[in-house]
Amino acid sequence: MTVRQRIRHATVPAALAMAAAAVLTVTTGPAAHAVGESRKCTINFRNFGGTVGKNGWNYRTGPSTRYTSRGLLYRGDKLTVLCSHNNWVYTQLSRRSASGLPKGLKGWVRQDGLVGLAG
């Protein structure tokens with residue numbers, strides 16, 4: 001094996017580890033972006049997107065059906081996942097929703113209503 005091959009061979013695992021760490025970054029402390037909601041979060045995410053996979057999905061003020069709905073989400077609406085609590089995720093709308101909810105609005109949605117989760 002030449003020096004060039006050894007260097008390339010050694011950098012591949014390091015690059016993969018860094019890429020995996022960027023995608024799978026999970027922390028347990030309160031997230032700065034979830035101020036006011038962090039006490040409800042158990043896992044925080046970075047750069048994690050999701051797409052709503054069902055029509056008429058409630059976008060709630062908290063992680064339970066006991067909380068008020070802010071409005072409805074529809075198949076194809078894009079969200080940024082900020083943190084989670086049990087089977088609920090705290091998100092921010094990446095663009096205006098199909099129902100007219102404004103871009104940037106934060107709220108909770110059940111995890112099983114999302115598809116295409118990606119970091």
Side-chain angles (χ1 to χ4, degrees):
M1 187 180 274
T2 67
V3 171
R4 185 176 183 186
Q5 289 173 325
R6 281 194 304 256
I7 292 171
R8 187 174 29 168
H9 184 71
T11 58
V12 170
L16 288 175
M18 288 177 15
V23 171
L24 299 174
T25 301
V26 176
T27 59
T28 55
H33 57 262
V35 173
E37 297 295 328
S38 61
R39 71 184 187 285
K40 298 174 188 168
C41 295
T42 53
I43 299 174
N44 296 310
F45 298 94
R46 287 192 186 151
N47 301 322
F48 206 72
T51 304
V52 177
K54 299 180 180 184
N55 285 324
W57 213 241
N58 280 303
Y59 201 45
R60 298 193 176 273
T61 59
S64 161
T65 56
R66 294 185 323 249
Y67 289 89
T68 306
S69 177
R70 294 180 184 269
L72 298 176
L73 299 174
Y74 290 90
R75 183 176 288 123
D77 283 342
K78 302 289 184 187
L79 305 164
T80 300
V81 178
L82 304 173
C83 67
S84 70
H85 178 75
N86 296 330
N87 64 336
W88 291 83
V89 289
Y90 184 58
T91 63
Q92 182 173 16
L93 283 167
S94 301
R95 62 180 188 214
R96 185 177 177 90
S97 74
S99 66
L101 296 173
K103 175 184 177 179
L105 182 67
K106 293 180 181 177
W108 292 85
V109 65
R110 272 195 9 224
Q111 184 174 324
D112 58 343
L114 301 179
V115 295
L117 293 172

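Nothing fancy with the numbering, it's 1 onward along the sequence. Quick caveat, the model's predicted, so the values are computed rather than measured.
Residue T51 holds its OG1 atom at 8.0 Å from CG of L114, rounded to the nearest 0.5 Å. Here Y90 contributes atom OH and T61 contributes atom OG1; the two are 10.0 Å apart, rounded to the nearest 0.5 Å. Rounded to the nearest 0.5 angstrom, R60 CZ and T68 OG1 are separated by 8.0 Å.
In this structure, the side chain of N87 does not engage the main chain of R110 through any donor-acceptor pair within 3.5 Å. Listed for the Q92 side chain is no donor-acceptor partner under 3.5 Å among the backbone atoms of K106. Using a distance-only test at 3.5 Å, with no hydrogens or angles considered, a donor-acceptor pair links the side chain of Y59 to the main chain of G107. The backbone N or O of R75 lies less than 3.5 Å from a partner atom in the side chain of N55, making a donor-acceptor pair.
Cluster membership for L101 and W57, using ILVMFWY side-chain heavy atoms within less than 4.5 angstrom, is shared. If you chain together hydrophobic residues whose side chains sit under 4.5 Å apart, V89 and L105 fall into the same group.
The shortest non-hydrogen separation linking Q111 to N86 is OE1-O, 4.2 Å. In this structure, S94 and T80 approach most closely via the heavy-atom pair OG-OG1, 3.2 Å.
Proximity of F48 to T91: side-chain heavy atoms (C-beta onward) are nowhere separated by under 4.5 Å. A 4.5 Å side-chain heavy-atom check between L73 and L93 finds at least one atom pair inside the cut-off. The shortest side-chain heavy-atom distance between L79 and V109 falls under the 4.5 Å cut-off.
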Inset, instruction - Check step by step if side-chain contact (heavy atoms from CB on, under 4.5 Å) holds for Y74 and S97. - result: CA-CA 7 Å; Y74 290 90; S97 74; over 6 Å; no
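In this structure, W108 and H85 have perpendicular ring planes: the angle between them is above 60°, well past the 30° mark.
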